[in-house]
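This report concerns only the one structure given below.
The structure presented is a predicted model; accordingly, all values stated were derived computationally and were not measured.
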Amino acid sequence: MNAVHRTTGEKLFDAANVVLLLLLAFVTLYPFYNILITSLNDPADAARGGITFWPRVLSFENYKMVLQDESLINAFVVTVLRTIVGTATAVLFTAAFSYGVSKPELLGRKLFLILAIITMYFSGGLIPHYLLIAQYLHLKGSFMAYILPNLFSVFNALIMITFFRGIPKEMEESAKVDGAHELTIFWRLVLPVSKPVLATIALYNAVFHWNSWFDAMLYGGESLRTLQQILMQIISSNSNVSLMASNLGMKAVTAESVKLATMVITTLPIVFSYPFLQKYFVKGIMIGSVKG
C-alpha cells in the first residue's frame, strides 16, 4: 500500500499536539518529581531551595527517620491490611448486590435500586453517621470500622449492574441446564468474565482506603492510625516532626524534609499498583458505563 500523503498543515498540527501533550505531562509530573528529589536531598541543604532536576547533596536521612519510627511502621501495616481487606470485601459485596439487581426477575429489584440511588443524593450527616458507627454498632476502636461502613458504593454498583446486563444470557442458561445454581454461576462464570470491571472497582476502592484518614481520626485508636492520618498530622504540625527526630536521636532533619519523605512513602505504593490494573481500567469503566 502507498503511504498516505500528509499535508504540511497536518504535520504541523501533529507536532503542535505532541509538544502540547509533552508540556502538559511535564507540568503534571514535575511537582511529584520535585518532591521526590527534594526528599532525597540533605535536609539542611534543601532548606536553601533551588533544587530543580536532581538532588544537590544526596542523603537518605529523611527516609531513615521515617522508616525507623515504629508508629509509622505500624500505620503502614494497618493501611496495607485495610486496603487489602477493604478492597476485597467491597468488590465482592458490591458485585453480589449488582449481579442480583441486574436480573429483571428479582422481586423488589426496583425498590432496592431506588433505595440505593436515594443515598447518592441524601445523607444523614456526620453526627448521625458517627453515632451509628460508634454507639449503635460499637465499632469505635475496631478495625471493622474501616471495613463495614465502606462495603457498598452506589456509583460502583451502577457500573457493575450495567456490565452484568451485557453478559450473554445463553451462558448462564447453559450452566443452569448442567445443574449449576445461582451462586455457582456467579462465582465460577460471572466473576471470571468480569475482570475488567472488577479491576476498575478494585482500583477505586484501593485508592479510597489507602488515602482515607478522616474515619481513622474518628473511629481508630492509637494502634489503628493509618499512614494518611500520620501524614496529615505531620503536615499540620511541625512539633510532631521535632518530637519524632528527638526520640530517634536525629537532629539533622527538618520538618519540611520529613513531610516530603512521608509523602513519597505514602504515595508510591498506590502509584505502583496502577500499571497492573491499567489494562483493565479503561475497558472496565467504558463497558460498565456505556453498555446495556
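Residue Leu21 is found outside any hydrophobic cluster, as its side-chain heavy atoms come under 4.5 Å of no other Ile, Leu, Val, Met, Phe, Trp or Tyr. Side-chain contacts under 4.5 Å among hydrophobic residues (ILVMFWY), followed directly or transitively, place Leu24 with no other residue at all. With a 4.5 Å cut-off between side-chain heavy atoms of Ile, Leu, Val, Met, Phe, Trp and Tyr, the cluster of Val57 takes in none.
Annotation: side chain to side chain donor-acceptor pair (under 3.5 Å) contacts of Ser39 (sequence neighbours excluded): Tyr63. Not counting sequence neighbours, Ala88 has no partner by the side-chain contact (heavy atoms from CB on, under 4.5 Å) test. Listed by chain and residue number, His181 satisfy the side chain to side chain donor-acceptor pair (under 3.5 Å) test with Thr184 (two or more places apart in sequence, or in another chain).
For residues 117-126, no pair satisfies side chain to side chain donor-acceptor pair (under 3.5 Å), with sequence neighbours left out. The stretch residues 94-108 participates, sequence neighbours left out, in these salt bridge (charged side-chain N to carboxylate O under 4.0 Å, His left out) pairs: Lys103-Glu172. Screening residues 88-98 for side chain to side chain donor-acceptor pair (under 3.5 Å), with sequence neighbours left out, gives no hits. For residues 197-220, the set of pairs meeting the salt bridge (charged side-chain N to carboxylate O under 4.0 Å, His left out) definition, not counting sequence neighbours, comprises Arg82-Asp215.
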Donor-acceptor pairs are to be reported for all side-chain atoms of residues 125-136 against protein atoms at under 3.5 Å, with residues two or more places apart or in another chain.
residue, atom, partner, partner atom, Å
His129, ND1, Tyr219, OH, 3.0
Tyr130, OH, Lys140, NZ, 2.8

Which side-chain N or O atoms in residues 107-114 pair as donor and acceptor under 3.5 Å with protein atoms at least two apart or in another chain?
residue, atom, partner, partner atom, Å
Arg109, NE, Val101, O, 2.6

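Remark: Leu158 CG to Phe155 CZ distance equals 8.0 Å, nearest 0.5 Å.
Checking side-chain atoms of Ser194 against main-chain N and O of Val197 turns up no donor-acceptor pair under 3.5 Å.
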